[in-house]
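In what follows, a structure is listed as structure tokens, so that the remarks can point back to it.
Just so we're on the same page: letters track the sequence lines, and every chain starts at 1.
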Number of protein chains: 2
Amino acid sequence: MASQRPGPNLNRIATSLGVSVATVSNALSGKGRVSDALIERIRAHAAELGYVPSQAGRALRTGRSGVLGLVLPDIANPLFPKIAQAIEYAASAAGYGVLIADSRGDITAQTEAINRLVERGVDGMVVVPRRATRISAASCPVAVIDTASTPGNTVAADHWQGGKEIAAHLAGLGHKQILIIGNNHESNVQNDRAGGIRAGLQPGMRSETLWIERLENETGAGCRLGLADKARQGFTAFAALSDLQALRALTELQQEGISVPADVSVTGFDDLIWSPVVTPSLTTVRMDMDTIAEIAVSALVDRINESGTREGVLVTAETERVPMQLIIRQSSGLANPASKTSEMENL
Amino acid sequence: MASQRPGPNLNRIATSLGVSVATVSNALSGKGRVSDALIERIRAHAAELGYVPSQAGRALRTGRSGVLGLVLPDIANPLFPKIAQAIEYAASAAGYGVLIADSRGDITAQTEAINRLVERGVDGMVVVPRRATRISAASCPVAVIDTASTPGNTVAADHWQGGKEIAAHLAGLGHKQILIIGNNHESNVQNDRAGGIRAGLQPGMRSETLWIERLENETGAGCRLGLADKARQGFTAFAALSDLQALRALTELQQEGISVPADVSVTGFDDLIWSPVVTPSLTTVRMDMDTIAEIAVSALVDRINESGTREGVLVTAETERVPMQLIIRQSSGLANPASKTSEMENL
DNA sequence: GCGCCGCGCTTAATCGTTTAATCAATTGCA
DNA sequence: TGCAATTGATTAAACGATTAAGCGCGGCGC
């Protein structure tokens, strides 16, 4: 019944070479004491036979599965491709596979998803938590990627600094009134980004913040954000906390006949896939996901190798914040002085 | 050295209850012959101890890992979240985990990614191939999700029918000249979608096709698509083969001062995350990923359970095409008769 | 020359589960 | 009553790897 693994195993290599399995294992792993000549012979023969070690056998013996879990409670997040790609790359470079778990946006199902991973015997996991949820440590090492202000965070982009970059950029272009556009005010990430923007404002500049989810709860999903009004009130820059919101702002403004960047500027965050190809292309801030993933995975791997018992712990990394990089494109430009007048009219 | 698994195992349950491991195993799996009373006792005690079976032990014995691989050579694809989510859900419902593999867009690395999965002992895998690449069957069952016209395809959305839905919708709105906007003419999916649109045109309607990648090779990445010119030539509808291209078209038209949908209509494919929130919201065609994933996974699981030897085979499913659903939003509207005149002028 | 040490390899135990084979005890049937 | 069939459990052998322990054997020091 049980389907036999097709490939050769240590035993086959051993008997075929007239040595013991232990020697073959030692030769391939380079751990025990085997003569160089024999190591050479065994490795050659193993390669010739196309030997691939059985993860199951190894896992059973060592208690390590060689697999990391990736938990993304908010899998619909458009950042997901980048995250998954970066984590998979870093994990695979460290010799680990990546098992994904999703809870379809259901926060309570997050624990269930984590449990599924634990049952599958992952050696550790990377969690990108949904909004403000704190992950309760599972029975294995956990790395959290959220933002530096989150308790228990392992590593993340420096969202605050990213916000300051945006503010400095807009200040340099002469903008005075900035509308910050976020989705959910409970998101640690969005709060840090907004905080960074506010912290980066120069004297004489002011900002207001618009939370879309709050607005939609009153007006209905997909409603207008009323940005044209805001522009008439004197706002010349719309700093969205994610490219998704930036896109929404950009298209709404264009639809209302307001030109970007001639009349107002729009900026985003994350450098999502469409950012370079929309017209005008989006000025945004990119996070270095590859570095973040590498730090998270190596912190995880370090902990796995070090700890004898597989206790559940939030791992920490030396570098907690990875700088974000400002990408200046076409959607941001010099503040239009005409808006100044409309601002004066308004007073 | 080897970290001990923390939880109880069959042996602990067995000794604690004074029975043999085999009986415990039988009681939990319901396979052998165990008295109902004892089954009850064992199950209760196992639950009380919080027993979770070791996947490693089970995998070693049965030769099945209980894990499926998900290969997405084009992981940057914005569809990825939906695909991954749907596959993970279907797999997890069938008792399988999902291991991801990515080749960072490198086609040659696709084989390498597949090999990584095989080495990890996946029981089967789902492959969403990049463009025209044919996947060479690995040493395990493989389900391919691409499009019906791809040889070896297991299941996919009916992209052709989706195209016809778009054509019928635009025809109903009175559009006569349609510009099809695709990215790469080698994509099976995009070709099917374009073919469907053309097949759905009514007498008196005509279409032209613009391949962005071809254009960018001449003009540079991120260049204008020249859609304003096309509009002046009399095209009143722009049918993109993906929402990403639709977004590019929409913003370019808006930037040129052409109003959507008052002047021209824009449609897309895939109902990506931004489609409902841009202004105007995008008319698009949605694929039923959940159904597709479920069919792919169950075809895979059937084959895994049926075949004793783990041969590498492309699996087939009864339902090969899953209908796509037209989502009518604001970006498509009645053909503007004014454009007719400009068309006449053009003649 | 004797004992000791280290090298190179083997032996054997072990991880946790499944499952075929076995066996004692009870039941069924003639 | 005697023999076979069934029930309810046990025993033991895998699966494939890792690794501590053991065992000749040759060389070295004293």
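At whole-Å resolution of the value, CG in L10(A) and C1' in dT19(D) are 13 Å apart. Note: CG (L60(B)) to P (dT18(C)) measures 11 Å, nearest angstrom. Protein atom CZ of R58(A) is 17 Å distant from nucleotide atom C1' of dT14(C), rounded to whole Å. Between the CZ atom of R64(A) and the P atom of dT14(C) there is a distance of 20 Å, rounded to whole Å. Counting to the nearest Å, the C1' atom of dC15(C) and the CD atom of Q55(A) are 15 Å from each other. A straight line from CG of L17(A) to P of dC9(C) spans 11 Å, rounded to a whole angstrom. Here dG16(D) presents its P atom at 10 Å from OH of Y51(A), a figure rounded to the nearest Å. In this structure, N9(B) atom CG and dT18(C) atom P are separated by 12 Å, rounded to whole Å.
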Criterion side-chain contact (heavy atoms from CB on, under 4.5 Å) on Q55(A) and V67(A), from CA distance to verdict = CA-CA 10 Å; Q55(A) 290 292 330; V67(A) 172; over 6 Å; no
side-chain contact (heavy atoms from CB on, under 4.5 Å) evaluation trace for V19(B) with V24(B) = CA-CA 7 Å; V19(B) 297; V24(B) 177; 3.7 Å; yes
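The phosphate of dT10(D) (OP1 or OP2) has a side-chain N or O of T23(B) nearer than 4.0 angstrom. One finds no side-chain N or O of R61(B) lying less than 4.0 angstrom from the OP1 or OP2 phosphate oxygen of dA14(D). Contact between the side-chain N/O atoms of S20(A) and the OP1/OP2 oxygens of dC9(C) is not found at any separation under 4.0 Å. In terms of phosphate contacts, S54(A) brings no side-chain nitrogen or oxygen within less than 4.0 Å of OP1 or OP2 of dG16(D).
Closest approach to the A22(A) side chain among dA12(C), dT19(C), dG16(D) is made by dA12(C) (side chain taken as heavy atoms from C-beta onward).
Nearest-nucleotide assignment on DNA chain C puts the 5′-proximal partner with V24(A), out of V24(A) and S25(B). In terms of position on DNA chain D, the residue among V21(B) and N26(A) whose nearest nucleotide sits closer to the 5' end is V21(B).
With values rounded to the nearest 0.5 angstrom, S54(A) atom OG is found 9.0 Å from L60(A) atom CG.
Only K31(B), listed by number, bring a heavy atom of residues 28-44 of chain B to less than 4.0 angstrom from any atom of DNA chain C.
When all heavy atoms of R58(B) and P53(B) are compared, the pair lying nearest together is NH2-CB, 3.4 Å.
Side-chain contact of T150(B) with N153(B): a donor-acceptor pair under 3.5 Å is absent, judged by distance alone.
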